[in-house]
Amino acid sequence: MKLGVCYYPEHWPEAFWADDALRMAGLGIAWVRIGEFAWSRIEPEPGRFDWAWLDRAVETLAGAGLKVVMCTPTATPPKWLVDAHPDMLALDAEGRPRRFGSRRHYCFSSEAYRAECARITEAVAGRYGRHPAVGAWQTDNEFGCHDTTLSYSANAARGFQTWLAQRYQSVEALNRAWGAAFWSQEYRDFDEVEPPNLTVTEANPSHRLDYNRFASDEVARFNRLQVEILRRLSPGRDVTHNFMGFYTEFDHFAVGRDLDLASWDSYPLGFLEQFWFPEDEKLRYLRQGHPDVSAFHHDLYRGVGRGRWWVMEQQPGPVNWARYNPAPLPGMVRSWTWEAFAHGAEVVSYFRWRQAPFGQEQMHAGLNRPDNVLDQGGVEAGEVARELAGFGEPEPCRRAPVALVFSYEADWQFGVQPHARGFRWLQLAFEMYTALRRLGLDVDIVPPDADFTGYALVVAPSLPILDEATLDALEACGAVVLFGPRTGSRTREGHIPASLPPGPLQGRLPVRVTRVESLRPGAGPEVELAGRTFAGRLWREVLETDLPALATFAEGGAAWASRESWHYLATWPGTALLDLVIARVALEADLPVETLEEGVRLRRRGDVHFAFNFSPETRRTPAPVGARYVLGGRDLPPAGLAAWRIESP
Ligand code: GAL
């Protein structure tokens, strides 16, 4: 387990570099990520490369014993390049070009830009690929950031037509798949098809779903081009990409398959502020972050990286980009870092070494203040480095007892036809995850085509497009399985299945959804269980089934139906109901559940058991009496953590 930092030598006088490198090493940092936005300095004019400064920067870092994560600079094409290829810009859904002047101003489908990316990647990898200090590569920076996955340019339109021709082979097949007879949407040729934006009202849902799939494939293709060059010119180095939080517009499992490891950028306070959380949670966890947000992504990206993952950017202090940007509670930077290690991170790298006094992010903290004095985040990074030195290398993470099935396609399908305002697949999945975590369970987040062998419990928040192969794998693993609402509600083409939802699931769990209704907040549905009434949310399905109901709607009909160890929910459960459902399926799976104090979370890595306190009050560490602590102790202060060794099973 190592620490890292993001560094921008091009932002600072060269006279700073040696001192920066020495202080990084002194603080206990091992990895330094550089170069991801430096194209205009590497190639100030077309074909004229200036390597001298970057050579010296790499040598300075290497001289201090630091290892380098070198990046391809393709997130920030320079002005001359954009001027030479004006059609490389993406167009937004309103058809407006996304112009030069910030970053990510490119369209994934521009062949001209792809050729430029291949050229600069060859140049950088040719220069540094075999440098002994360069130990890893990052492709580009945060694919999709600033809403850049979907582009509606002429390049994208052409790419989409080619993609459709490959997928459907004949335009008749396309018309059938899209149900194009509806509203006279039939095409005579693939080259008549346009992107699904700027339509008078809602575009055809199958068209939109395919556009999501196409855009996702374009990101994977764009990344793969760079990965292939890096592997050829920089053998033996790990190649990664830094993914984002709560971002679903492309299939990260697909991109991850081309990488050696996944990495992601963790900004706990920014995420709490920017996403759907209720006001009381935003206030309660203001300076700590939501107890489950970082963990959720750690578990997701461990899956995306097939076991290997880093935090490439860790929030070190206030950020600049949220609506409000509070400072972390003292101790949180340390706690977030340890939390990542508890979930299996190989490296946690802070963004950034020093706060920049200029540019868009001048209000974003670094480990150091702009005047170069070590800031609170830097102090805590140093503390973690000292603790890590005495900690020893822990075992890798074991398989968790629970798998949560994460489907990017499910999120797109819900987005295409939410049918209820605010019915977000990602939020449903996250809430199911939080219920598992409130019971102290470790969770692996896996794709729908995962091998489920060894899991005791599998939670599928919803799989609207459900494959027989997934059902077979679930049956083969013998786990207790919970499916959320809207599972099996669409075919791969995006149609309602002929047998009605839940489609192929009916073969194993005989229920049929004969009607769905979506309800405004406050309008129920109410669910009755064990003599109590609980809130469901936004959604009610009418189930036709002979199975006994474990819970019923107040209006009548099953809200929760089960056969053997397979369960189906006909609503989005409110928190209290969800906690009960998850506790019940966990007990059925023989999992040891604990009721944790509010804000406390657990995680095991190898034989080490960790506890974290996200609440603003002191808590009691839920460790057995006589536990041998390796960090912390019985009291868990706010921002506190504890770790103790457990017996191997
Ligand atoms: C990330 C990005 C970084 C920086 C950071 C600020 O999204 O990768 O370049 O902008 O946010 O928090």
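Hydrogens, waters and symmetry mates play no part in the numbers below; they use all other heavy atoms, side chains included. Counting convention: from 1, in listed order, for ligands and their atoms alike.
The cationic atom of Lys282 (NZ for Lys, CZ for Arg) does not lie both less than 6.0 Å from the six-membered ring centre of Phe277 and within 45° of the ring axis. With a 6.0 Å cutoff to the six-membered ring centre and a 45° limit on the axis angle, Arg213 does not count as a cation-pi contact of Trp412.
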Contact table, ligand 1 N/O with protein N/O, distance under 3.5 Å:
from	atom 1	to	atom 2	distance (Å)
ligand 1	7 (O)	Glu142	OE1	2.4
ligand 1	7 (O)	Glu142	OE2	2.9
ligand 1	8 (O)	Asn141	ND2	2.9
ligand 1	8 (O)	Glu142	OE1	3.3
ligand 1	8 (O)	Glu142	OE2	3.3
ligand 1	8 (O)	Glu313	OE1	3.1
ligand 1	8 (O)	Glu313	OE2	2.8
ligand 1	9 (O)	Arg103	NH1	2.8
ligand 1	10 (O)	Arg103	NH1	3.2
ligand 1	10 (O)	Arg103	NH2	2.9
ligand 1	10 (O)	Glu361	OE1	3.4
ligand 1	10 (O)	Glu361	OE2	2.3
ligand 1	12 (O)	Tyr267	OH	3.4
ligand 1	12 (O)	Trp321	NE1	2.8
ligand 1	12 (O)	His364	NE2	2.7

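Under a cut-off of 6.0 angstrom, the local environment of CZ in Arg231 is crowded, with over 12 non-hydrogen atoms contributed by other residues, nucleotides or ligands. Atom CZ of Arg323 is surrounded by more than 12 heavy atoms from other residues, nucleotides or ligands within 6.0 Å.
Note: Phe391 and Trp338 meet the aromatic proximity criterion, with ring centroids under 6.0 Å apart.
In the model, Asp411 has no side-chain atom that pairs as donor or acceptor with a side-chain atom of Tyr247 under 3.5 Å.
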